[in-house]
2 protein chains.
Amino acid sequence: MNDKDRRSMPLFGIGIVMKLTELTARQIRYYEENDLIHPERTKGNQRLFSFNDVDRLLEIKNYLDKGLNLAGIKLLLTDEDSNVEKTEEKEKALPKEKKSVLTDKELRAILRQEITEANRFGKANLRQGELARFFVNR
Amino acid sequence: MNDKDRRSMPLFGIGIVMKLTELTARQIRYYEENDLIHPERTKGNQRLFSFNDVDRLLEIKNYLDKGLNLAGIKLLLTDEDSNVEKTEEKEKALPKEKKSVLTDKELRAILRQEITEANRFGKANLRQGELARFFVNR
DNA sequence: ACCGGATGTTAGGAAACTTAACATATACCA
DNA sequence: TGGTATATGTTAAGTTTCCTAACATCCGGT
């Protein structure tokens with residue numbers, strides 16, 4: 001089993017994730033509803049989160065603090081560390097007509113720029129992989 | 001927060017621990033009943049296990065496979081990585097009259113010897129800190 | 001002034017967990 | 001051989017945690 005597997009292994013119940021991220025259950029579920037995270041489920045349909053999921057939630061929280069909305073964050077969070085099936089869902093969520101002016105790529109670039117900007121003033125923020133850094137010796 | 005804290009942080013419900021250790025809930029609870037582990041509890045009294053707890057359970061399982069009984073394992077598992085209050089409980093569990101022939105130290109040495117012996121024939125076994133090695137980059 | 005996005009709150013039900021009691025298998029010992 | 005202790009299984013009844021769905025609220029932008 002490699003590192004990637006370990007980090008995507010479903011381990012945590014929502015209660016623990018609430019404490020780790022300081023998000024409410026409502027928030028966590030809402031982010032899932034908006035395809036920002038995709039935790040596993042137990043046989044009985046209860047959410048089970050991986051390290052990656054928790055990291056991702058911390059990122060989301062971080063970006064929200066900076067004033068981004070979920071749509072922007074969704075674009076920003078690339079799929080490299082998520083389990084989402086590539087383009088399919090994304091196309092559904094953002095039909096062509098709505099984003100005709102900018103391509104995905106362009107928008108993403110702009111957003112990244114904004115965040116970089118914001119970072120200059122931002123408080124001491126959590127960064128990507130914070131949870132991992134929390135638990136993993138490096 | 002240091003490594004020790006991380007490893008003793010209560011994170012896992014019993015369901016996940018069952019999968020991670022391949023022990024039944026009954027077994028896990030029985031080991032707790034016998035003071036081999038001391039998981040935290042939620043407000044609502046449900047068990048929450050740390051990395052250390054899970055590691056310890058894997059050790060217990062390992063020793064059981066080698067034919068040791070819980071009393072022996074309890075002696076063997078030193079307190080360095082547990083949360084037990086030092087001598088107190090131990091004295092209660094093994095009153096002087098019962099172990100008059102051997103001191104704790106001697107018994108522990110003998111047991112260690114036995115385990116070392118057993119190891120020569122043992123199958124590929126989990127070792128101490130296995131779970132940590134599982135999740136932590138080293 | 002309204003609307004949509006994000007979150008809070010509540011209700012009803014299902015899943016997961018709790019302790020306690022009793023059952024079973026196995027090993028050891030008189 | 002029967003008795004006893006250890007380790008684990010099984011079951012029951014109760015509690016906690018989580019689920020979805022609906023509706024409420026707050027707030028920033030138009």
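In what follows, chains carry the letters A, B, and so on, assigned in the order in which the sequence lines appear, proteins first and then strands, with residues in each chain numbered from 1.
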### Separation of D:dA7 P from B:Y63 OH (nearest whole Å)
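Taking OH of B:Y63 and P of D:dA7, I get 16 Å after rounding.
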
### Message
Please report the distance, rounded to the nearest Å, between CZ in B:R41 and P in D:dT15.
### Response
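For the pair B:R41 CZ and D:dT15 P, the rounded distance is 16 Å.
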
### Message
Angle between ring planes, A:F12 versus B:F12, binned at 30° and 60°: parallel, tilted or perpendicular?
### Response
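Geometry flag for B:F12 against A:F12: parallel rings.
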
### Query
When every nucleotide of nucleotides 3-17 of chain C is labelled 5' to 3' by its protein contacts under 4.0 Å (heavy atoms), B for base, S for sugar-phosphate only, - for none, what sequence of letters results?
--SBBBB-----SSS

### Query
Counting N and O atoms only, with roles assigned by atom type, does the side chain of B:K61 sit under 3.5 Å from a partner on the main chain of B:L23, one being a donor and the other an acceptor?
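Not a single qualifying donor-acceptor pair exists.
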
### Query
Do B:N2 side-chain atoms and B:K4 backbone N/O form a donor-acceptor pair below 3.5 Å?
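Yes; at least one donor-acceptor contact below 3.5 Å.
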
#### Entry: A:R56/A:E32 ion pair, N-O < 4.0 Å
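Looking at A:E32 together with A:R56, the answer is no, because their closest N to O distance does not fall below 4.0 Å.
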
### Query
Does a salt bridge link A:R47 with A:D53, judged by any charged N lying under 4.0 Å from a carboxylate O?
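No, no charged N to carboxylate O under 4.0 Å.
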
